[in-house]
Amino acid sequence: MAVLGIGIGAVLQVLVISVQNSVDHSDLGVATSGVTFFRSIGGSFGVAVFGAIFANVLTGKLAAQRSGGSPSGGLGEAQANPRAVAQLPPALHNLVTHIYSDSIHVVFLVAVPIALVAFALSWLLPEIRLRYTAIEAADLPAQKK
């Protein structure tokens, strides 16, 4: 959680500042709201896609355990209700938590290449000098050099 928090915290404001710096002062509000809008859309899309991957992998692994001869009492309930995992016998509890862990691991393995592509694409962004004053940001004719 700390790595995720530090990573997101370090990126979000830098993105907003770079977008605000690259537009005219008259478009500042639109650019800022655009960043927020696309961040929300991306978050919704990401949760949906990675949630579907997690649910698919979890269902497959639980089904494989049920058909593989392992003790399966309560596995279906554990898939539908994660709180039911706490009520399982110790051996089955360990099996189900391992299946959940493996399913989350797959989600992270899918997310890593996507993050690497995004990181690589970030190097293609042009470098734009930051503005230092509000007058410079407003691009007033009297202040241009």
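All figures in this text were calculated on a predicted structure; none of them were measured in a lab.
The closest side-chain heavy-atom distance from Leu28 to His25 is below 4.5 Å.
With sequence neighbours excluded, the residues that form a side-chain contact (heavy atoms from CB on, under 4.5 Å) with Ile128 are Asn21, Ser22. When the side-chain contact (heavy atoms from CB on, under 4.5 Å) test is applied to Val107, the partners found at least two apart in sequence or on another chain are Phe50, Ile53, Phe54. Listed by chain and number, the residues in a side-chain contact (heavy atoms from CB on, under 4.5 Å) with Ile17 are Leu130 (sequence neighbours excluded).
Residue pairs that meet the side-chain hydrogen bond (donor to acceptor under 3.5 Å, both in side chains) test with at least one member in residues 28-39, sequence neighbours left out, are Gln20-Thr32. Screening residues 102-123 for side-chain hydrogen bond (donor to acceptor under 3.5 Å, both in side chains) gives His98-Asp102 as the qualifying pairs, with residues at least two apart or on separate chains.
Under the 4.5 Å side-chain heavy-atom criterion for ILVMFWY residues, a single connected hydrophobic cluster contains both Ile114 and Val57. Note on Val30 and Ile41: separate hydrophobic clusters, where clusters join Ile, Leu, Val, Met, Phe, Trp and Tyr whose side-chain heavy atoms are under 4.5 Å apart, directly or indirectly. When hydrophobic clusters are built by joining Ile, Leu, Val, Met, Phe, Trp and Tyr residues whose side-chain heavy atoms come closer than 4.5 Å, directly or via intermediates, Val106 is grouped together with Val49. Note on Val35 and Val23: separate hydrophobic clusters, where clusters join Ile, Leu, Val, Met, Phe, Trp and Tyr whose side-chain heavy atoms are under 4.5 Å apart, directly or indirectly. Criterion: ILVMFWY side-chain heavy atoms under 4.5 Å apart, direct or through other members. Under it, Leu109 and Leu116 are not part of a common hydrophobic cluster.
Under a 4.5 Å side-chain heavy-atom criterion applied to ILVMFWY residues, the cluster that includes Val117 comprises Leu121, Leu124 as well.
Side chain of Ser44 to backbone of Ser40: a donor-acceptor contact under 3.5 angstrom is found.
With values rounded to the nearest 0.5 angstrom, Asn94 atom CG is found 11.0 Å from Ile99 atom CD1.
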